[in-house]
Structure formats: C-alpha cells, structure tokens
Amino acid sequence: MTAHTATPSPNIWHHPATYEVENRAADPHGRIEAAMASVATWSGRTLLDLGCGTGFHLPRWAETAASVIGVEPHPSLAALARRRTRRLQHVEVLEGTAQALPLRDASVDVVHARWAYFFGPGCEPGLAELDRVVRRGGSAFVIDNDATRSTFGAWFRRGYPSVDPQEVELFWIRRGWTRIPVDMGWRFESRADLEAVVRIEFGPEVADEVLASHAGTEVDYAVNVWWRSW
C-alpha cells in the first residue's frame with residue numbers, strides 16, 4: 001500500500017445500499033457507543049470518523065460534538081456522506097486515506113474507525129497519522145471483529161482464515177491500545193435482509209454454509225473496541 005491508496009472494501013464499496021441495511025442492523029442496543037463513552041466524551045469536541053463510508057454515523061456524532069469530520073477514500077461514498085449531512089453545518093466530509101489524512105496537526109479530539117481496515121498488522125502508517133492529528137488529551141477508537149467468540153466470530157474465521165485473531169490482538173496490545181470486549185449483535189427486519197448482508201460479507205460458499213446453519217433474523221456478534229489516549 002502506498003501513502004495515497006486505500007485497500008478496497010469488499011462490502012460497502014460495491015454494495016452501499018446493502019451495507020446501509022447492515023449498519024441499521026448492527027448494535028441495536030448502542031453498546032459500542034457506550035463503550036466509547038466510558039473512556040472519553042465527544043460532546044463539545046472535534047470528532048473524526050475515519051473511513052466514514054456513506055456517513056451513516058456522522059449525524060449521531062453531530063448531535064453533541066462541536067464539529068465532525070468524516071474522511072473517506074472512495075469518492076462515491078464520500079459524495080453520499082456529504083449528501084446525508086448537507087444540512088449539518090458543523091459536519092465536513094473530506095476525501096482521503098488513513099495513512100495520508102487531509103488534516104492539520106493536533107486538530108481532532110476523538111477518532112472513530114469502525115471496520116475501516118485497521119485489522120492489525122499493516123495499518124502502521126494510519127496509526128502514525130493518528131499520532132500527528134490527535135490533540136493532547138484526545139482518544140482514538142478502532143472497532144474490529146472479535147473472531148475468537150460469538151456466532152459471527154465463527155463465521156469470520158471460516159470466511160477469512162488468513163486473519164489470526166491472536167496476532168491481531170498482540171499487535172494492538174504491543175502498541176499500547178486497550179481492549180473493551182463488546183457483544184453487540186445483529187438484528188435485521190427480515191430474513192432477506194440478513195441473507196443479503198451475509199452475501200456481501202462472505203464468499204458464496206461460506207455464505208451458503210452459514211445461512212443454512214442459522215435460522216432467524218438475529219446473530220450474536222462480538223467485537224473489540226480498541227482505544228488509546230494521547
């Protein structure tokens with residue numbers, strides 16, 4: 001990866017409408033946000049949503065943050081995020097990558113990166129940029145799958161056998177990040193929605209296998225909220 005390129009997302013880049021369904025189904029109880037709030041507040045502060053996609057979470061952050069910046073490498077997704085937030089004057093969406101943020105030094109207080117390709121080894125350039133843009137007293141949060149447990153974790157291990165959960169965990173710990181385990185869950189409005197989302201997250205063979213073995217519209221799903229402060 002060069003300093004100005006991004007790894008294409010296999011889900012939202014190609015299926016933004018279905019990924020919107022996934023965002024609505026994820027974490028129905030708000031447990032990720034609660035875990036973040038237990039560490040740091042974004043009320044009255046500047047929050048960076050790194051890899052903001054279509055801007056699904058930007059209005060929520062904007063409810064209390066003084067200013068919100070979304071950074072997204074995919075131009076089409078960034079355009080959708082701007083459209084979503086066009087009436088929110090204190091929200092700005094910029095095109096850019098994690099490893100070359102279009103931001104001034106020491107310009108943000110809180111960073112949120114949710115499934116934005118910070119999966120451990122390989123994301124060092126992006127972490128160096130956090131060191132540059134986060135103010136003293138600021139905090140960053142990286143939300144990642146916990147493949148060691150939950151139904152979705154088992155699916156993830158089958159779909160992405162090259163990802164070593166222990167290696168990922170050691171990567172963050174060695175860099176001074178702290179883990180908050182969160183059981184967030186998926187809750188879909190219909191079986192068709194669940195099946196559509198599973199098929200953008202996994203290859204056809206794995207998707208067929210996990211859907212055949214799982215009934216209903218809910219999935220227990222564990223994540224890690226990794227955080228550190230400056």
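For the single chain, residues carry numbers from 1 onward in sequence order.
Looking at heavy atoms from C-beta onward, Glu95 lies out of side-chain contact with Glu72 at the 4.5 angstrom threshold. For the pair Thr46/Val110, no side-chain contact is recorded, criterion being any heavy-atom separation below 4.5 Å from C-beta on. Looking at Leu94 and Leu103, their side chains come closer than 4.5 Å, going by heavy atoms from C-beta outward. By the 4.5 Å heavy-atom criterion applied to side chains, Trp226 and Arg179 are counted as neighbours.
Ring geometry, Trp177 versus Trp172: the interplanar angle exceeds 60°, so the pair is classed perpendicular (tilted spans 30 to 60°). Relative ring orientation between Phe152 and Phe202 is described as tilted, the plane-to-plane angle lying within the 30° to 60° band.
With Phe171 as the aromatic partner, Arg175 meets the cation-pi criteria of under 6.0 angstrom to the ring centre and within 45 degrees of the ring axis. With a 6.0 Å cutoff to the six-membered ring centre and a 45° limit on the axis angle, Arg157 does not count as a cation-pi contact of Trp155.
Under the 4.0 Å criterion applied to side-chain N and carboxylate O atoms, Arg135 and Asp105 are not assigned as salt-bridge partners.
Looking only at distances, no side-chain donor or acceptor of Asn145 sits under 3.5 Å from a matching main-chain atom of Ala147. When atom types are taken as modelled, the side chain of Arg187 and the backbone of Pro28 share no donor-acceptor pair closer than 3.5 angstrom. The backbone N or O of Ala154 sits nowhere less than 3.5 Å from a side-chain atom of Arg158 that would complete a donor-acceptor pair. The main-chain N or O of His57 is never found under 3.5 Å from a side-chain atom of Arg60 such that the two would form a donor-acceptor pair.
Note on Ile12 and Phe56: separate hydrophobic clusters, where clusters join Ile, Leu, Val, Met, Phe, Trp and Tyr whose side-chain heavy atoms are under 4.5 Å apart, directly or indirectly. Cluster membership check: Leu170 does not share its hydrophobic cluster with Tyr160, using side-chain heavy-atom separations under 4.5 Å among Ile, Leu, Val, Met, Phe, Trp and Tyr.
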Evaluate Glu92 against Arg82 for salt bridge (Lys or Arg N to Asp or Glu O under 4.0 Å), listing each step before the verdict. CA-CA 7 Å; Glu92 180 180 21; Arg82 291 191 191 98; over 6 Å; no
Please table the atom pairs, donor to acceptor, closer than 3.5 Å between any side-chain atom in residues 14-21 and protein atoms at least two apart or in another chain.
from	atom 1	to	atom 2	distance (Å)
Glu20	OE1	Thr54	OG1	3.4
Glu20	OE1	Arg84	NH2	2.8
Glu20	OE2	Arg84	NH1	3.2
Glu20	OE2	Arg84	NH2	2.9

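Within a 6.0 Å radius of CD in Glu189, other residues, nucleotides and ligands contribute 12 heavy atoms or fewer. The number of heavy atoms from other shown groups lying within 6.0 Å of CD (Gln89) does not exceed 12.
For Ala81, the side chain to side chain contact (heavy atoms under 4.5 Å, CB included) criterion is met by Cys52, Leu58, Val93, not counting sequence neighbours. Among residues two or more places apart in sequence or in another chain, the side chain to side chain contact (heavy atoms under 4.5 Å, CB included) test is passed with Ala25 by Phe188.
A ring-centre distance under 6.0 Å is found for Tyr221 and Trp186.
Side-chain polar atoms of Asp220 and Ser150 form no donor-acceptor pair below 3.5 angstrom.
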